[in-house]
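Single-structure report; data block below.
Residue numbering restarts at 1 for every chain, and letters A, B, ... go by the order of the sequence lines. Scope of the values below: all heavy atoms of this structure, side chains included, with no hydrogens, waters or symmetry mates.
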Protein chains: 2
Amino acid sequence: MTKSTPPLSNTIADIKALIHRESRRVTSYDVAMLAGVSQSAVSRCFKPGASVSKATYARVMEAARSLDYTPNAAARSLITRRSNLVAVILSDTVGLNYPDILTELSRQFSLRGMHIILFNLPTEAGIDQTLAEVWQHQVDGAIVAVRLSAAQVAEFERRSVPLVLFNRNLADRTVNAVVCDQEEAARAMVTRLAAAGHKRFAMIDGPAHSTAAQQRKHGVATRLAELGLALPLSVEGNFDYASGARGLREIIDRFGGVPDAVICANDLMAIGCIDTARHDFRLDVPGRLSVAGFDGIAASRWISYKLTTMRQPLHSMAQAAAALLLGLVADGNATPERRVYSATFVDGATARLGPPA
Amino acid sequence: MTKSTPPLSNTIADIKALIHRESRRVTSYDVAMLAGVSQSAVSRCFKPGASVSKATYARVMEAARSLDYTPNAAARSLITRRSNLVAVILSDTVGLNYPDILTELSRQFSLRGMHIILFNLPTEAGIDQTLAEVWQHQVDGAIVAVRLSAAQVAEFERRSVPLVLFNRNLADRTVNAVVCDQEEAARAMVTRLAAAGHKRFAMIDGPAHSTAAQQRKHGVATRLAELGLALPLSVEGNFDYASGARGLREIIDRFGGVPDAVICANDLMAIGCIDTARHDFRLDVPGRLSVAGFDGIAASRWISYKLTTMRQPLHSMAQAAAALLLGLVADGNATPERRVYSATFVDGATARLGPPA
DNA sequence: TTGTAGGCGTTATCAT
DNA sequence: ATGATAACGCCTACAA
């Protein structure tokens, strides 16, 4: 009998027609009307841990389901001041080429009901424009893997937007960061290569704007100097395969011959360098020339390369960055923390590490 | 003289103190007060093409700047019903491993002041949960590269959320999509290989849930049949390097020998297959065994491989997807469009294409 | 060109 | 446990 149905103020069809006529969205008022409760009751039903009776909850949820109601995040964000949005700011040269990072970040955040707004900079120049857009979206926090000026970092603080830097060092400020110690990694690599008796080094550097590249180069140079070896001939690359290939040609050209070892600022360039050495110059790697990289990307493990490299624990780092940020979002004034990871040496097959043949 | 300054209702310091005391955000009212105009005047200044006098505009902007005011996207979205947010829904297996796609999408959208909310599914199972989150965020549109049921597609329509499928076919519905004709690509590859006299084919297939893999396999199988060749022995892989390596071993095992050609459902598996063939089985590729892939990823062009493959125009496709979606956002009821791209054959060095030696 | 007033859809407060 | 009411910060007629 119709009498046994719950006291609906209107039928589903009526309400749907009304919404359509006014061409608006389904709101909690519509659900309330259908369920025969107040709007605030509906709101409470969608808030975990609110006090609602079993019966009310069931009727509200049923009404919501039949109207396809979903809370409006914009309206919620307006009043709660939480958007459940996290900005992830990357740059073309480095960010998306390491899919692990975004994958892990995305996983961690969606586990807590938060989502990523992606800001991918073609060039790190336009960052101020990007930040303006970040502020508009009222993000709850940001993970930034591009270079930030002290002023820009300060703006995050002024706006109380938790910030975690990823693999970016900012010398003069205490700011939350997850980094891999690039200089230490570079020194470790040099130590290994030098111990094996390599004397004549060359380096294929990364782009000038990359702090990781700078630190790797600095580590290489200082460690070599400590060991009494000459500073390496260094040519600039931009982290891609082609510049590894170009780099080797330039080195052989300017060096007037083949050095003992080429250290590349990342794996991709190392792979380009190795391919060119083997195929174009017919050089035995590592027999005649040792080549090493940094990162530990997937391709570095391929059978054709088995690259000798310093592997960054990117997965753990991404996880840590997410955890750090989530902590800051929960507790606004936690003390700045800096998590430093070490790269691990990967004993590959592209650098001679034993005594010379 | 102080008299020459604009008639500010309050000093900057006063207003900042007020805001801080009430611990709220800087609003357009604060800017209005500082600039000595109404709140709606401020609002108009931030709306491109609104009618504001030069003088007012200048004073408002100056006030906004000195207060670090930024419009609140949530509040704006509430009234305009535009969030300037686009959902991009990918899955682990396919999405982030092709960085070009996200890079280009991000570029195109940010050019129009829109931004990407990233939804990266660990598994395509949890998609309903993901969609619920998409609805909450009131996105202006979505680009989806995972499998969607007809019901799920219908829900986009019901909610008037423009949808563009990326490399996903949905047979029974007319829905906006940008796809690459995988079956045609597969047929083209088979035609080439067969013309060179390959007789005994094998295939390393993609994961079952990938429509692209299904279509590639179907194209391979049907074209082979048309040419009077046996259906290939097919083993299942999951699109990664390791499964290419495993795949070849399994093929040789089950085949009881080495086939003439192995067609892999993507480049990454092809590379794994080639490495294993050359290093573990000491097979000459392409002399003794031809290997081909699909996609045209960056590594496929590396000197060590020069992979024979069918290259998808991912860059153009991403561009088209963004353009299509932007068109739909501008004009809600544009007619469904399906843009089909063709893969181009890349005459690499891993498959014999001339007469047998 | 400018100001006034109302509403977007939700959560939070405070009664009841 | 539930309901009325006041924000949240902005846009947009409409009137001036």
Checklist entry - To the nearest Å, how far apart are Met33(A) CE and dG3(D) C1'? => result 15 Å
Next on the checklist: Considering every strand and a 4.0 Å limit on heavy-atom distances, what is the contact class for Ser40(A): base, sugar-phosphate, or nothing?
Outcome noted: base
Item to check | Nearest-Å distance for atom pair CZ/P, residues Arg82(B) and dG9(D) | outcome: 23 Å
Item to check | N or O in side chain of Ser43(A) less than 4.0 angstrom from dT10(C) OP1/OP2 | outcome: no
Next on the checklist: So Arg44(B), base contact, sugar-phosphate only, or nothing? Heavy-atom distance under 4.0 Å.
Outcome noted: base
Checklist outcome for this item: Atom CD of Gln136(B) and atom P of dT10(C) are separated, to the nearest Å, by 10 Å
Next on the checklist: Under 4.0 Å, heavy atoms only, any strand: does Thr27(B) hit a base, just the sugar-phosphate, or nothing?
Outcome noted: sugar-phosphate
Checklist entry - Rounded to the nearest Å, what distance is computed from the CZ atom of residue Arg81(A) to the P atom of nucleotide dA12(C)? => result 12 Å
Next on the checklist: Within the 4.0 Å heavy-atom criterion, would you say Ser53(A) contacts the bases, only the backbone, or no part of the nucleic acid?
Outcome noted: sugar-phosphate
Next on the checklist: Determine whether a donor-acceptor pair (N or O, by modelled atom type, separation under 3.5 Å) exists between the side chain of Asp140(A) and the backbone of Val86(A).
Outcome noted: no
Checklist entry - If each of Ala75(B) and Val37(B) is mapped to the nucleotide of DNA chain C with the nearest heavy atom, which maps nearer the 5' terminus, i.e. the 5' end? => result Val37(B)
Checklist entry - On DNA chain D, nearest-nucleotide positions of Arg24(B) versus Lys47(B): which is more 5'? => result Arg24(B)
Checklist entry - Whole-Å distance between dC8(C) C1' and Ile79(B) CD1? => result 4 Å
Next on the checklist: Using modelled atom types and a 3.5 Å cut-off, is there a donor and acceptor pairing between side-chain atoms of Arg24(B) and backbone atoms of Ile19(B)?
Outcome noted: no
Checklist entry - Over how many whole Å does the gap from Asn72(A) atom CG to dT10(C) atom C1' extend? => result 7 Å
Checklist entry - Checking all strands, does Thr56(B) fall into the base, sugar-phosphate, or nothing category for heavy-atom contacts under 4.0 angstrom? => result sugar-phosphate
Checklist entry - Between dC8(D) atom C1' and Gln39(B) atom CD, what is the distance in whole Å? => result 13 Å
Item to check | Euclidean distance, atom CG of residue Asn84(B) to atom C1' of dC10(D) [Å, nearest integer] | outcome: 14 Å
Checklist entry - Base, sugar-phosphate alone, or nothing: which one does Tyr57(A) contact when heavy atoms must sit under 4.0 Å apart? => result nothing
Checklist entry - How is Ser51(B) classified with respect to the nucleic acid when contacts are heavy atoms under 4.0 Å: base, sugar-phosphate, or nothing? => result base
Item to check | Minimum-distance pair of heavy atoms, taken over all atoms of Ser23(B) and Arg81(A) | outcome: O-NH1, 3.0 Å
Checklist entry - What is the nucleic acid contact for Val52(B), judged by heavy atoms within less than 4.0 Å: base, sugar-phosphate only, or nothing? => result sugar-phosphate
Checklist entry - According to the interplanar angle, ranging from 0 to 90°, do the rings of His137(A) and His115(B) count as parallel (below 30°), tilted (30 to 60°) or perpendicular (above 60°)? => result perpendicular
Next on the checklist: Going by side chain to side chain contact (heavy atoms under 4.5 Å, CB included), Gln152(B) matches just one of Val146(B), Val144(B), Asp128(B). Which one?
Outcome noted: Asp128(B)
Checklist entry - For Tyr29(B), which contact category applies under a 4.0 Å heavy-atom criterion: base, sugar-phosphate, or nothing? => result base
Checklist entry - Any side-chain N or O of Ser28(B) less than 4.0 Å from the OP1 or OP2 oxygen of dC10(D)? => result yes
Checklist entry - Counting N and O atoms only, with roles assigned by atom type, does the side chain of Asp331(B) sit under 3.5 Å from a partner on the main chain of Leu328(B), one being a donor and the other an acceptor? => result no
